Student: 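Below is a structure I'd like to ask you about.
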Amino acid sequence: MNAPLRDLSGDSADHTQAATVADDAASDLTPAEAARWPDVAQPPRGRTTAIRSAAAARLFRHAVRGVDVRVEMPDGTVLGDHGDRVLPRMIIRRPTEFARRVGTGGLIGFGESYMAGDWTTDDLVGVLTPFATRVARLVPRPLQTLRSVVLPKHPESEENSTKNTRRNIARHYDLSNDLFALFLDDTMTYSSALFADLERGTRPPWSDLESAQRRKIDRLLDAAGVGPGTRVLEIGTGWGELCLRAAARGATVRSVTLSSEQQSLARERVAGAGLADRVQIDLCDYRAVRGEYDAVVSVEMIEAVGEKYWPTYFQTIDRVLAPGGRVAIQAITMPHDRMVASRSTYTWVHKYIFPGGQLTSLKALDAVTRRRTSLRLIEGEAMGAHYAETLRLWRERFTARRDEVAALGFDATFRRMWEFYLAYSEAGFRAGYLDVHQLVFARGAVEDPR
């Protein structure tokens, strides 16, 4: 049974009792949290809010008809027509606020409505995955052209210029090393792992994650030809595991990062392993790197570069790569048509997790290197299913340690935000909307590996 439109928008003349009650509590935030998270604490209001919320309610009703999710309203009605199938439950607690947020902010509003408690679920990944599977069709195509007109724009302050990039990086990676240690394995590796037996359809346990992370790193180092005497440049240090494994092979490593927290811990780990004479970790923008290197390795750092600077990123690598050298990059990708369609969209992930971030596509990477550098893509390996399992393990670990996260000073709104981020990302990989590739570049004309 479909709920009436007013149950979602809350802006018609005859509010339902559920919508009226919902207006009494704009969010689940405490006063202290409301001060920290003002955009979550209060839903949008203004002259155009009623129109936007009514439109959002209609679009949401349209979207859920084709999504395998049971959307339950406060008055007991259910959106969509799914028969008697058992489906993940999306429970709308405050329809008015939900519609206002989504109508004004799109994906930003959808995420903020979860942070605020306007909707909830006992299976967040289960709810988000069907939406991710149909993401290109949730909004009717004629209306997609209005995205740039009605939705928020990227703030200029988040463009990844040399002036802004360090601040963007700090907003995510300098939150707290202790926070990341609570849900990462002992390698402190914050990127997709590579599991040994995932092809057999197993769901790897936590105990497999550490070896899977090292397997991922070793494959990249092998692809880049790293061995005794190799001069390695790493762009994006993380917390130092790749440095350690490259140096243990006999390579000399220069790693650059813009995160002071990561630099500090990575240096401690390198010193503790007795490899400080082989590893140099600098707080340095990749654009400022000089020298010559036999191998350049970068793991899930290009996502923080921004499309405007992709040519600069690869031109820098091209400039410092020694003759005969190789480049190994791990990159999160999306289908090229979706990348083009969404390139200007400011999303919840940009606002709350990765300011200035931009996912790329294989086609875009191949094009920018062919047009602007002497580098050519010579190998590519997809491993999106591995990232879904990596994220599952991180999410389960994070939720199991909520109390420890709180003890570090992170409030309930932050915890809901982080859980949503991990689930949102996992859903993207499970749906196939996102993928991750290990890519190898070298100089010279070669065949496109795709």
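We count residues from 1, following the sequence as given. What you are looking at is a predicted structure, and each value in this text was computed from that prediction instead of being measured.
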Student: Could you tell me which non-hydrogen atom of Lys216 sits nearest to which non-hydrogen atom of Gln438, and how far apart they are?
Tutor: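 Heavy atoms of Lys216 and Gln438 come nearest at O-NE2, 3.2 Å.
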Student: Looking at CG of Leu242 and CZ of Arg214, how far apart are the two atoms once the value is rounded to the nearest 0.5 Å?
Tutor: 12.0 Å
Student: Would Val64 and Val69 count as a side-chain contact (heavy atoms from CB on, under 4.5 Å) here? Give the steps.
Tutor: CA-CA 7 Å; Val64 298; Val69 173; over 6 Å; no
Student: Ignoring hydrogens and angles, tell me if any N or O in the side chain of Asp294 forms a donor-acceptor pair with the backbone of Arg231 under 3.5 Å.
Tutor: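 Yes, the answer is positive, given that a donor and an acceptor are paired below the 3.5 Å cut-off.
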Student: Is Val289 close to Arg254 at the side-chain level, that is, under 4.5 Å between some pair of heavy atoms?
Tutor: yes
Student: I'd like to know if the side chain of His336 reaches the main chain of Leu362, judged simply by a donor and an acceptor atom lying under 3.5 Å from each other, with no hydrogens or angles considered.
Tutor: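 Flag not set: sc His336 to bb Leu362 has no pair under 3.5 Å.
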Student: Drop me the distance from Arg402's CZ to Glu419's CD, to the nearest 0.5 angstrom.
Tutor: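 If we round to the nearest 0.5 Å, Arg402:CZ and Glu419:CD are 4.5 Å apart.
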Student: Side chains of Ser176 and Asp178: donor-acceptor distance under 3.5 Å anywhere?
Tutor: no
Student: Nearest 0.5 Å please: distance from the CD1 atom of Ile217 over to the CD atom of Gln330.
Tutor: 9.0 Å
Student: Specify the closest pair of heavy atoms between Glu303 and Glu300, including all atoms of both residues, with the distance to one decimal.
Tutor: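 Closest approach of Glu303 to Glu300, heavy atoms only: OE1-C, 2.6 Å.
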Student: Under 6.0 Å from the CG atom of Asp403, do we count more than 12 heavy atoms belonging to anything else shown?
Tutor: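 Check fails, neighbour count at 12 or below.
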Student: Just so I know, are the side chains of Tyr313 and Met301 near enough to count as touching, which here means a heavy-atom distance under 4.5 Å?
Tutor: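 In short, these two side chains touch, coming nearer than 4.5 Å.
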Student: With side chains defined as the heavy atoms from C-beta onward, is the minimum distance between Glu381 and Arg219 less than 4.5 Å?
Tutor: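 SC-SC contact between Glu381 and Arg219 confirmed.
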Student: Check the angle between the aromatic planes of Trp348 and Phe420 and answer parallel, tilted or perpendicular using the 30° and 60° thresholds.
Tutor: perpendicular
Student: Is a side-chain donor-acceptor pair under 3.5 Å present for Ser298 with Tyr286?
Tutor: no
Student: Looking only at atom types and distance, does a side-chain atom of Arg249 sit under 3.5 Å from a main-chain N or O of Val226, one as donor and one as acceptor?
Tutor: yes
Student: Could you state the interatomic distance from CZ (Arg287) to OG1 (Thr316), rounded to the nearest 0.5 Å?
Tutor: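 It comes to 8.0 Å.
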Student: Between Trp394 and Tyr190, what is the ring plane arrangement, given parallel below 30°, perpendicular above 60°, and tilted in between?
Tutor: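 Geometry flag for Tyr190 against Trp394: tilted rings.
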Student: Begin from the C-alpha positions of Asp285 and Val256 and carry the test side-chain contact (heavy atoms from CB on, under 4.5 Å) through to its verdict.
Tutor: CA-CA 7 Å; Asp285 192 293; Val256 296; over 6 Å; no
Student: To check you understand the geometry: which heavy-atom pair defines the closest contact between Thr333 and Ser361, and what is its length?
Tutor: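 Minimum heavy-atom contact is CB-CA, 4.3 Å.
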Student: What pair of heavy atoms forms the shortest contact from Ala431 to Thr133, and how long is it?
Tutor: CB-OG1, 3.3 Å
Student: Within the structure provided, determine whether Leu198 and Pro204 are in side-chain contact (heavy-atom separation under 4.5 Å).
Tutor: yes
Student: Does the Thr104 side chain pair with the main chain of Arg101, one donor and one acceptor, at a distance under 3.5 Å?
Tutor: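 It does not hold such a pair.
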Student: Do Asp218 and Arg245 have side-chain heavy atoms sitting under 4.5 Å apart?
Tutor: yes
Student: Counting distance only, does the side-chain N/O of Arg415 pair as donor-acceptor with the main-chain N or O of Phe410 below 3.5 Å?
Tutor: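 Between the backbone of Phe410 and the side chain of Arg415 there is a qualifying donor-acceptor contact (under 3.5 Å).
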Student: Side chains of Tyr424 and Ile353, heavy atoms from C-beta outward: is any pair under 4.5 Å?
Tutor: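 A side-chain contact under 4.5 Å is absent here.
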Student: Is Glu112 paired with Arg416 through a side-chain N to carboxylate O contact shorter than 4.0 Å?
Tutor: no
Student: Using 30° and 60° as the class boundaries, would you call the ring planes of Trp418 and Phe180 parallel, tilted or perpendicular?
Tutor: perpendicular
Student: Has the side chain of Asn177 got a donor or acceptor atom that lies under 3.5 Å from a matching backbone atom of Glu261?
Tutor: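 Confirmed, Asn177 side chain pairs with Glu261 backbone.
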Student: Show, in sequence, the C-alpha distance, side-chain angles and deciding distance for Arg392 and Glu389, and conclude whether the salt bridge (charged side-chain N to carboxylate O under 4.0 Å, His left out) test is met.
Tutor: CA-CA 5 Å; Arg392 174 183 62 83; Glu389 294 304 319; 2.6 Å; yes
Student: State, yes or no, whether a side-chain contact exists between Phe441 and Asp318 at a heavy-atom distance under 4.5 Å.
Tutor: no
Student: If the threshold is 4.0 Å, N to carboxylate O, is there a salt bridge linking Arg326 and Asp222?
Tutor: no
Student: What distance do Ile235 atom CD1 and Ile329 atom CD1 have between them, rounded to the nearest 0.5 Å?
Tutor: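 Interatomic distance, Ile235 CD1 to Ile329 CD1, rounded to 0.5 Å: 7.0 Å.
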Student: Look only at the side chain of Arg269 and the backbone of Thr187, and say whether a donor-acceptor pair between them is shorter than 3.5 Å.
Tutor: yes
Student: Under the side-chain contact (heavy atoms from CB on, under 4.5 Å) rule, what do Thr390 and Gln213 come out as? Steps first, then yes or no, please.
Tutor: CA-CA 9 Å; Thr390 303; Gln213 290 291 10; 4.0 Å; yes
Student: Can you give me the closest heavy-atom contact between Val127 and Arg89, atom names plus distance?
Tutor: CG2-O, 3.6 Å
Student: Is a donor on one side and an acceptor on the other found under 3.5 Å between the side chain of Arg215 and the backbone of Leu194?
Tutor: yes
Student: I would like to know whether Leu434 and Tyr387 meet side-chain contact (heavy atoms from CB on, under 4.5 Å); could you show each step before the answer?
Tutor: CA-CA 9 Å; Leu434 301 178; Tyr387 219 154; over 6 Å; no
Student: With Leu365 as reference, evaluate Leu375, Leu439, Leu377 under the side chain to side chain contact (heavy atoms under 4.5 Å, CB included) test and give the passing residue.
Tutor: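 Looking at Leu375, Leu439, Leu377, the match for Leu365 under the side chain to side chain contact (heavy atoms under 4.5 Å, CB included) is Leu439.
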Student: Using distance alone, with no hydrogens and no angle criterion, decide if Thr189 and Glu241 have a side-chain donor and acceptor under 3.5 Å apart.
Tutor: no
Student: Write down the atom of Lys351, the atom of Tyr346, and the distance for their closest heavy-atom approach.
Tutor: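 Closest approach of Lys351 to Tyr346: CA-OH, 3.4 Å.
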Student: Let me know which of Arg100, Arg93, Arg94 forms a side-chain hydrogen bond (donor to acceptor under 3.5 Å, both in side chains) with Asp118.
Tutor: Arg94
Student: How long is the span from the OH atom in Tyr309 to the CD atom in Gln315, to the nearest 0.5 Å?
Tutor: 13.0 Å
Student: Which residue is it: Phe110, Phe98, Trp119? I am looking for the one with a ring pair (Phe, Tyr, Trp, His ring centres under 6.0 Å) to Phe60.
Tutor: Phe98
Student: Would you indicate whether the side-chain heavy atoms of Arg397 and Asp185 approach each other to under 4.5 Å?
Tutor: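 In short, these two side chains do not touch, never coming nearer than 4.5 Å.
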Student: Side chain of Thr257, backbone of Ser259: donor and acceptor closer than 3.5 Å?
Tutor: yes
